[in-house]
There are 2 protein chains.
Amino acid sequence: METRELRYFVAVAEELHFGRAAERLGIAQPPLSRAIRQLERRLGTELLERTSRSVRLTEAGTVLLREGRAALYAVEAAERRTRRASADGPGVALAAKAGASGEVLAKLLDAYAALPDAVTVDVILCGVGQQERLLRDGRADVALLHKPFDATSGLDYEELSTEGQVLVLPAGHSLTGRSHVDLAEASALPGLPLPRWPAIDGSCPDGPGPQVRDHAQLFQLIALGRAAAVLPASCESQLRDDLMAIPVPDAPKVTTVIAWPPQSRSAAVAALVRTATAL
Amino acid sequence: METRELRYFVAVAEELHFGRAAERLGIAQPPLSRAIRQLERRLGTELLERTSRSVRLTEAGTVLLREGRAALYAVEAAERRTRRASADGPGVALAAKAGASGEVLAKLLDAYAALPDAVTVDVILCGVGQQERLLRDGRADVALLHKPFDATSGLDYEELSTEGQVLVLPAGHSLTGRSHVDLAEASALPGLPLPRWPAIDGSCPDGPGPQVRDHAQLFQLIALGRAAAVLPASCESQLRDDLMAIPVPDAPKVTTVIAWPPQSRSAAVAALVRTATAL
DNA sequence: ACGATCGATACCCGCCCGGTATCGCCGCCC
DNA sequence: GGGCGGCGATACCGGGCGGGTATCGATCGT
């Protein structure tokens with residue numbers, strides 16, 4: 001199976017419409033029809049049920065969509081990592097959420113840079129939940145993420161540290177002085193809804209809270225008195241003067257992990273991981 | 001990048017010889033040379049350093065070999081799983097080491113079959129360390145394996161149970177009656193070397209012990225007085241009359257896990273995993 | 001110095017990818 | 001209900017590229 005065939009199939013399977021898929025692929029519709037038909041013949045199975053009015057996935061088609069997407073990602077990652085290896089020379093790209101993991105990240109970069117055979121580390125600060133994507137498509141080689149919020153599915157990882165969570169509020173809020181808040185109370189503060197983070201695919205769950213993409217946006221909103229948030233305790237050291245934090249003991253514990261795609265155990269990534277776990 | 005180009009490059013990178021690689025691929029040498037050159041031009045980087053007497057991988061080439069192999073596996077898996085989905089209808093393939101996990105496997109199959117929407121489970125009994133391969137290339141959808149012996153790199157998994165290990169000896173051995181043995185002692189029994197298991201790539205570490213591929217071979221050798229082995233305690237229930245087992249308290253604990261490739265979270269696999277963790 | 005080895009180059013052929021034109025089917029709407 | 005519009009399939013054509021054979025050029029061993 002060629003990646004061209006896979007790309008074509010995935011496009012049709014996603015659009016469920018040959019015309020639109022062809023447009024997206026930048027080719028005409030007839031060659032696309034033919035390519036899909038050839039793919040079906042070669043696999044010896046029907047992938048799409050088509051009437052002249054609708055296109056639907058068969059059982060086998062559903063499997064190929066899922067597996068084919070993963071395979072295309074792998075090919076894309078191979079190409080991108082090869083390009084990076086030749087362009088940037090030896091060096092690794094590390095992805096982390098903008099505004100999070102600040103302390104760990106700084107210590108890690110320092111400790112790693114002190115090693116005798118350290119290579120340059122490009123830090124990619126990305127939006128919440130984007131690290132997995134960056135690792136899978138080859139733009140990053142290693143990432144810092146937080147269980148259980150960030151998906152680790154398909155990644156190898158080592159745990160670095162575990163911490164509780166705190167409620168972040170505008171300074172001067174009426175809860176000032178409380179030694180702790182429980183999660184139910186934090187979730188139902190009058191006038192201060194919890195924000196909604198975008199999911200991996202860019203969509204946002206429905207709800208009352210404002211949508212935020214990174215921590216800068218979030219802190220801004222909290223300072224304006226438009227939201228509150230429950231965040232890992234380590235964020236407290238980076239809080240602006242106009243914000244305050246109260247522990248939420250019954251919130252789930254958050255574990256910072258360093259993760260990498262399973263086959264990318266390059267020497268540099270391995271050294272970085274070793275350094276991180278030794279911190 | 002097309003899978004054909006990747007296959008060509010991987011062949012050359014493995015053989016480090018255009019002629020042999022071409023033969024392996026079933027094509028002539030000149031088109032292969034040209035294909036690699038085109039790939040290099042498109043990636044904008046040199047992948048191989050060639051003199052007329054030798055071929056060596058560049059840094060970028062090393063990366064592409066590693067990543068390209070993984071990508072080819074993913075494509076192969078996509079194709080194979082699609083074929084299986086259409087041929088066998090709904091159903092999952094479960095891989096387990098022949099002779100191991102017997103008890104867990106039986107209970108799991110029973111419990112799963114009792115579910116209302118259970119599909120057929122094909123059990124693939126394979127050699128030691130082969131499960132990862134089967135999962136990665138699409139011949140299996142889910143597997144039982146043992147940490148820390150079997151690699152879980154790149155797989156998602158849930159832990160099922162943990163157990164100690166025992167030393168398995170021919171019945172009547174002079175250690176008969178001992179309540180326990182420590183690992184150092186078990187590793188240096190006069191005349192009874194520990195066997196060597198093949199690695200994932202088929203190679204076997206050097207050493208004095210006999211090579212074995214599965215538990216049947218191993219038990220035979222032990223019964224003949226040619227080897228001893230340190231194995232998970234649950235094997236004791238399956239021992240033949242001519243074998244006996246002694247606990248080895250200081251041997252590493254073994255954890256049985258159920259593992260699956262990250263993107264293959266089909267309904268059937270999910271149900272199987274849920275059943276297994278609930279046992 | 002000569003031959004053997006091995007990758008690169010030159011050149012040719014045939015297949016397959018991609019394009020345009022058109023058909024056939026089916027739902028929709030006046 | 002008949003015409004129309006949307007959509008996938010088919011027919012046919014041209015060009016590019018993948019694959020083959022013949023040969024060259026460099027390099028190492030004898």
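For the numbers below, each heavy atom of this structure counts, side chains included, while hydrogens, waters and symmetry mates do not. Chain letters run A, B, ... following the sequence lines, proteins first, then strands; residues in each count from 1.
Heavy atoms of other residues, nucleotides or ligands lying less than 6.0 angstrom from CD of A:Glu23 number 12 at most.
The residue B:Arg4 sits close only to the backbone: its heavy atoms come under 4.0 Å of sugar-phosphate atoms, none of a base. Base contact: A:Arg34 has a heavy atom under 4.0 Å from a base atom.
Note: CD (A:Glu2) to C1' (C:dC17) measures 13 Å, nearest angstrom. As a whole-Å value, the separation of A:Arg42 CZ from C:dC16 C1' is 11 Å. When the C1' atom of C:dG19 is taken as reference, atom CG of A:Leu25 falls 15 Å away, rounded to whole Å. Distance, B:Leu32 CG to C:dC6 P: 14 Å, rounded to whole Å. Atom CD of B:Glu49 is separated from atom C1' of C:dG7 by 15 Å (rounded to the nearest Å). The interatomic distance linking B:Glu5 (CD) with D:dC17 (C1') rounds to 11 Å, in whole Å. Following rounding to the nearest Å, A:His17 (NE2) and D:dG5 (P) show an atom-to-atom distance of 16 Å. Nucleotide D:dG19 holds its C1' atom 17 Å from the CD atom of B:Glu23, rounded to whole Å.
The side chain of A:Gln29 lies closest to D:dG8 when the candidates are C:dA8, C:dT20, D:dG8.
Residue A:Val55 is the one, among B:Ile27 and A:Val55, whose nearest nucleotide of DNA chain D lies closer to the 5' end (criterion: closest heavy atom). The nearest heavy atom of DNA chain C to A:Thr51 and to B:Pro30 marks one nucleotide each, and the one closer to the 5' end goes with B:Pro30. Each of A:Ala35 and B:Arg20 was assigned the nucleotide of DNA chain C with the nearest heavy atom; the assignment lying further toward the 5' end belongs to B:Arg20.
A close approach under 4.0 Å does occur between a side-chain nitrogen or oxygen of B:Arg37 and OP1 or OP2 of C:dT9. Listed pair B:Arg50 / C:dC6 fails the phosphate criterion, with no side-chain N or O lying under 4.0 Å from OP1 or OP2. The shortest distance between the side-chain N/O atoms of B:Ser33 and the OP1/OP2 oxygens of C:dA8 is below 4.0 Å. For B:Gln38 and D:dG18, the shortest distance from a side-chain N or O to OP1 or OP2 is below 4.0 Å.
Contact check on A:Arg50 versus A:Glu40 returns a salt bridge, with a Lys/Arg side-chain nitrogen under 4.0 Å from an Asp/Glu carboxylate oxygen. Salt-bridge formation is not detected for the pair B:Arg20/B:Glu14: no Lys NZ or Arg NE/NH1/NH2 atom is positioned less than 4.0 Å from an Asp or Glu carboxylate oxygen. Residues A:Asp122 and A:Arg84 are not paired through a salt bridge, judged by the lack of any N-O separation under 4.0 Å between the basic side chain and the carboxylate.
Residues A:Leu43 and B:Glu79 have side chains in contact (heavy-atom distance under 4.5 Å, counting atoms from C-beta outward).
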